[in-house]
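Structure, as structure tokens:
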Amino acid sequence: MLTLNFNPFPQISTQRLLLRAISPNDANEIIAIRSNKETMKYIDRPLTVSTEDALQLIKKIIDHAAANEAITWAITLQNNSSLIGTIGFWRVDKEHYRAEIGYLLHAGYHQKGIMQEAISAVLDFGFTTMQLHSVEANVNPANAASKKLLEKNKFIQEAYFKENFFYNGKFLDSVIYSLLRPLQ
Ligand SMILES: CC(C)(COP(=O)(O)OP(=O)(O)OC[C@H]1O[C@@H](n2cnc3c(N)ncnc32)[C@H](O)[C@@H]1OP(=O)(O)O)[C@@H](O)C(=O)NCCC(=O)NCCS
């Protein structure tokens, strides 16, 4: 069984980014990202529009890390502490050393290589520090940006589930990608 320890919270620094713990002070930035219909087009979850909903989401993220159950980082630029996105292993299956990765970036920062920089550091953390054996991603088949990002990082499409996800009165398809821990 995997043993996780996210206390103290493990910040990650990359060339342009600082991945840090999320806090209630990030509520407005979370709303700015999660209330944008275009950004949320393939997330298939309700938009976050109220401060109350944003704080609830932030609390869940903080509680999961404090309990060593899952981890999500706030993505910030090195020279500016404002949250511009999130990335994390938001669901961890300790018994099987497997986690599901999720990420979301403010539309103003898309296609600048930011998520590539973040995912590469987070995958390294997942395999090296957390000792995961595999990482899964569950993607809406129409989400070309996310599929491209995963394929660039050597994720393999392992499944295509037809109409397995019921959202907003519709049954949606899902693509399941996975990446095994690289051989040492
Ligand atoms: C998916 C997402 C995180 C990508 O972030 P990003 O910082 O723009 O991605 P990057 O700039 O690091 O690009 C990574 C690769 O994906 C490609 N890519 C990015 N956006 C793309 C798009 N809209 N269409 C096609 N390819 C795209 C890039 O060209 C790059 O590949 P390349 O180096 O071979 O050119 C961003 O589009 C996003 O936040 N989308 C909304 C939330 C979401 O869908 N999350 C995923 C849920 S599964």
Side-chain angles (χ1 to χ4, degrees), residues 3-92 99-132 135-139 143 145-150 152-153 155 179:
T3 306
L4 299 176
N5 183 4
F6 302 133
N7 298 285
F9 188 89
Q11 284 200 166
I12 301 177
S13 188
T14 68
Q15 195 180 359
R16 286 181 293 171
L17 310 175
L18 180 67
L19 309 183
R20 60 156 172 82
I22 200 163
S23 98
N25 296 330
D26 297 315
N28 287 342
E29 286 73 18
I30 288 287
I31 292 170
I33 297 169
R34 298 190 70 104
S35 66
N36 182 312
K37 284 192 183 144
E38 197 52 35
T39 305
M40 294 292 283
K41 196 167 170 188
Y42 304 120
I43 297 289
D44 305 319
R45 304 228 184 280
L47 301 181
T48 305
V49 285
S50 70
T51 304
E52 192 189 345
D53 286 351
L55 288 173
Q56 206 174 348
L57 182 68
I58 290 168
K59 181 177 183 318
K60 199 165 136 188
I61 291 171
I62 293 172
D63 289 351
H64 274 161
N68 299 314
E69 292 296 340
I71 183 160
T72 292
W73 289 265
I75 302 175
T76 70
L77 297 174
Q78 283 284 5
N79 55 1
N80 185 333
S81 63
S82 294
L83 179 151
I84 59 166
T86 56
I87 184 166
F89 299 112
W90 65 282
R91 194 183 273 160
V92 181
E100 183 171 343
I101 196 164
Y103 39 80
L104 195 64
L105 190 64
H106 187 286
Y109 294 90
H110 284 184
Q111 294 194 271
K112 297 177 194 296
I114 288 185
M115 203 51 86
Q116 173 55 38
E117 196 168 317
I119 199 172
S120 146
V122 162
L123 287 172
D124 182 52
F125 181 89
F127 289 124
T128 308
T129 305
M130 288 170 68
Q131 293 288 305
L132 293 170
V135 174
E136 175 177 324
N138 184 328
V139 186
N143 194 344
S146 186
K147 285 165 50 173
K148 185 78 194 288
L149 178 71
L150 292 168
K152 197 177 152 89
N153 287 279
F155 279 75
L179 178 66

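This structure is a prediction, so every number in the text was calculated from the model and none was measured.
- T48 contributes no side-chain N or O that, together with a main-chain N or O of D53, makes up a donor-acceptor pair within less than 3.5 Å.
- Annotation for W90 and G102: closest pair CD1-N, 3.7 Å, computed over non-hydrogen atoms.
- Between D26 and R20 the shortest side-chain heavy-atom distance falls below 4.5 Å.
- Taken from NE2 in H64 to CG in L4, the straight-line distance is 12.5 Å, to the nearest 0.5 Å.
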Chi angles and distances behind the side-chain contact (heavy atoms from CB on, under 4.5 Å) call for I71, V122
CA-CA 10 Å; I71 183 160; V122 162; over 6 Å; no
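- Judged by distance alone, with hydrogens and angles left aside, the side-chain atoms of E100 form no donor-acceptor pair with the main-chain N or O of A137 at under 3.5 Å.
- The local environment of CZ in F6 is crowded, with over 12 non-hydrogen atoms from other residues, nucleotides or ligands closer than 6.0 Å.
- Rounded to the nearest 0.5 Å, atoms OG1 (T76) and CG (L19) are 7.0 Å apart.
- Judged by distance alone, with hydrogens and angles left aside, the side-chain atoms of N153 form a donor-acceptor pair with the main-chain N or O of L149 at under 3.5 Å.
- Without hydrogens or angle criteria, R16 side chain to G113 main chain gives a donor-acceptor distance under 3.5 Å.
- Without hydrogens or angle criteria, W73 side chain to P10 main chain gives a donor-acceptor distance under 3.5 Å.
- Note: N79 CG to L17 CG = 10.5 Å, rounded to the nearest 0.5 Å.
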